[in-house]
Chemist: 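Just passing along the structure, written as structure tokens.
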Amino acid sequence: MLPTASPVPQGRTLPLADWYRANARDLPWRRAAFHEQFGAWGVLVSEFMLQQTQVSRVIPRLDAWLERWPTPTAMAAATPAEVVQQWANLGYPRRALWLHRAAVEVVERHGGVVPRDVEALLALSGIGDYTARAVSVFAYGDRHPVVDTNTRRVLARAVEGRSHPASPSRRDLLLMESLLPSSDAESAVFNAAAMELGATVCTARSPQCEICPLLGECAWVADGRPDTGDARRRQAAFEGSDRQARGAVLRVLRGAGEDGVALETVLPDWPDPVQRDRAIDSLIADGLAEAAEGSLSLPR
DNA sequence: AAATCGTGGAG
DNA sequence: TCTCCAAGATT
């Protein structure tokens, strides 16, 4: 018999709704006015920005984006250069490109309306398991398991009795699914509440178990908060990495005008010229940069 | 499917 | 100072 993941425990519930209603942060994308003004597009944009980027860094940058491009149609009419420029230092600039592509796809496939269906959302550029369900749930109120890094940690501790989540898998979705309340509205709250708890109480570093609404039924606390080990790989060093070089090149291109800069003036003093050239080539391959007549610029 | 992809705040 | 890691997705 093939090795199979441990079965998802059934019949559990986690009381988070009351805690969430009393403690949820007042985030821009949770306001009614935000949804009235920008709808699912606003949610989609915020979720793109939130992929591996902290809430605190996204908040001050979301407004300007949505003011400039209030709809998928508006975004689709922009150039990649404009989009990468506006993205600025949010990190992982491919997300800007993918967001732009997704906007184009929304216009082409869905008449400019962000789709509601998880399958259709998954088919858009830059949208994976998390973002697809987040849009369907938080923008449209449908019932799906939304699992991010915060939720994974909460479930690992409260349900599995582990200090750290196992490596991400489909099982996470099944486990979250098994915990969802039956109604659409309550399950949306539960999804948001699990993320919120992980972000503010059940944190990675020093969880505040004293104030946790799940203290009484947390499997990890019941076991004495054992260190069960972290399955995740350590993040590769940034200093001296290609990522650092790519970031530096893009910073130059963002600072340049539409015409870009002469190739030989791009990071002339970079410690490793081979790495610099590799960074430039990979940026071009990714569509984040464009070379023409000895000059380098953001993609037109 | 393991590796890759930015940036900066927090501890 | 330095390490960790953050509302992930793609290849």
Side-chain angles (χ1 to χ4, degrees), chain A residues 20 24-25 27-30 42-62 84 87-99 101-102 121-139 144-155 163-170 172-173 176 188 191-200 202-208 230-254 275 278-279 281-283 285-289:
Chain A
Y20 180 75
R25 291 168 294 174
L27 302 176
W29 44 90
R30 289 179 178 164
V43 173
L44 192 156
V45 171
S46 72
E47 295 299 352
F48 261 88
M49 289 186 174
L50 286 162
Q51 290 170 4
Q52 292 285 282
T53 297
Q54 297 90 331
V55 168
S56 60
R57 292 180 57 208
V58 168
I59 289 177
R61 304 290 305 282
L62 184 57
V84 173
W87 193 261
N89 62 342
L90 272 176
Y92 288 155
R94 295 193 288 196
R95 289 181 294 163
L97 230 43
W98 289 336
L99 175 54
R101 261 179 231 161
L121 286 161
L122 280 172
L124 299 175
S125 297
I127 293 190
D129 285 329
Y130 166 77
T131 304
R133 289 171 178 78
V135 169
S136 183
V137 170
F138 300 134
H144 302 286
V146 181
V147 178
D148 79 330
T149 184
N150 293 305
T151 297
R152 259 190 284 276
R153 186 172 52 252
V154 168
L155 298 187
S163 56
H164 303 276
S167 35
S169 76
R170 292 279 156 182
D172 304 333
L173 288 179
M176 190 62 177
N191 278 310
M195 293 169 64
E196 186 73 358
L197 188 71
T200 63
C202 191
T203 55
R205 300 280 182 98
S206 41
Q208 302 178 263
D230 194 340
R232 296 169 303 175
R233 299 179 312 283
R234 261 191 59 184
Q235 208 169 59
F238 180 69
E239 190 63 30
S241 68
D242 284 13
R243 298 159 77 187
Q244 184 182 35
R246 285 167 53 104
V249 171
L250 257 196
R251 205 183 318 274
V252 169
L253 296 186
R254 277 192 244 110
Q275 180 183 58
R278 187 167 63 239
D281 287 343
S282 72
L283 287 170
D286 287 350
L288 283 165

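Chain naming here is simple, since letters A, B, ... match the order of the sequence lines and numbering starts at 1 in each.
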Chemist: Could you tell me how far B/dG6 sits from C/dC4 if I compare only their C1' atoms? Round to whole Å.
Modeler: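 15 Å, rounded to whole Å.
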Chemist: With sequence neighbours left out, write down each residue that passes side-chain contact (heavy atoms from CB on, under 4.5 Å) with A/Arg61, or none if nothing qualifies.
Modeler: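 Counting only residues at least two positions away or on another chain, A/Arg61 forms a side-chain contact (heavy atoms from CB on, under 4.5 Å) with A/Ala88, A/Asn89, A/Leu90.
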Chemist: Taking the side chain as every heavy atom from C-beta outward, state whether A/Thr151 and A/Asn191 have any atom pair closer than 4.5 Å.
Modeler: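 The answer is no, as the side chains (C-beta and beyond) never meet within the 4.5 Å cut-off.
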Chemist: What string of B, S and - do you get for nucleotides 5-11 of chain C 5' to 3' if you count protein non-hydrogen atoms under 4.0 Å?
Modeler: BBBBSS-
Chemist: Scan A/Arg246 against the nucleic acid and name what it touches under 4.0 Å (heavy atoms): base, sugar-phosphate only, or nothing.
Modeler: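 If one applies the 4.0 Å heavy-atom cut-off, A/Arg246 turns out to touch the sugar-phosphate alone, with no base involved.
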Chemist: Checking A/Arg233 now: which residues fulfil side-chain contact (heavy atoms from CB on, under 4.5 Å) with it, not counting sequence neighbours?
Modeler: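 Counting only residues at least two positions away or on another chain, A/Arg233 forms no side-chain contact (heavy atoms from CB on, under 4.5 Å).
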Chemist: Do A/Thr131 and A/Leu121 touch side chain to side chain, with heavy atoms closer than 4.5 Å?
Modeler: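 When only atoms from C-beta onward are counted, A/Leu121 and A/Thr131 do not touch, as no gap falls below 4.5 Å.
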Chemist: Quantified in whole Å, what is the P atom distance between nucleotide B/dA10 and nucleotide C/dA7?
Modeler: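 Their P atoms lie roughly 12 Å apart.
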Chemist: Determine the Euclidean distance between corresponding P atoms of B/dA1 and C/dG8; express it in Å to zero decimal places.
Modeler: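 About 22 Å, rounded to a whole number of Å.
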Chemist: Might you work through the side chain to side chain contact (heavy atoms under 4.5 Å, CB included) test for A/Leu288 and A/Val84, ending with a clear yes or no?
Modeler: CA-CA 8 Å; A/Leu288 283 165; A/Val84 173; 3.9 Å; yes
Chemist: Show your reasoning for whether side chain to side chain contact (heavy atoms under 4.5 Å, CB included) applies to A/Met195 and A/Tyr20.
Modeler: CA-CA 10 Å; A/Met195 293 169 64; A/Tyr20 180 75; over 6 Å; no
Chemist: With a 4.0 angstrom cut-off to heavy atoms of chain A, pull out the first and last contacting nucleotide of DNA chain B, in 5'-to-3' order.
Modeler: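 Terminal contacting nucleotides, 5' to 3': B/dA3 to B/dG11.
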Chemist: Using a heavy-atom cut-off of under 4.0 Å over every strand shown, decide if A/Arg170 touches base, sugar-phosphate, or nothing.
Modeler: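 Result for A/Arg170 = nothing.
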Chemist: Would you mind listing every salt bridge (Lys or Arg N to Asp or Glu O under 4.0 Å) that reaches into residues 122-134 of chain A, with sequence neighbours excluded?
Modeler: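 The answer is A/Asp129-A/Arg133, A/Asp129-A/Arg170.
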Chemist: Name all residues meeting the salt bridge (charged side-chain N to carboxylate O under 4.0 Å, His left out) criterion together with A/Arg153; count only those two or more places apart in sequence or in a different chain, and write none if there are none.
Modeler: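 With sequence neighbours excluded, A/Arg153 shows a salt bridge (charged side-chain N to carboxylate O under 4.0 Å, His left out) to no residue whatsoever.
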Chemist: With nearest nucleotides of DNA chain B determined for A/Arg251 and A/Ser206 from heavy-atom distances, which residue corresponds to the more 5′ nucleotide?
Modeler: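 Its nucleotide being nearer the 5' end, the pick is A/Arg251.
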Chemist: Looking across every strand, which nucleic acid part, if any, lies under 4.0 Å from A/Pro93 by heavy atom: base, sugar-phosphate, or nothing?
Modeler: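 It contacts sugar-phosphate atoms only.
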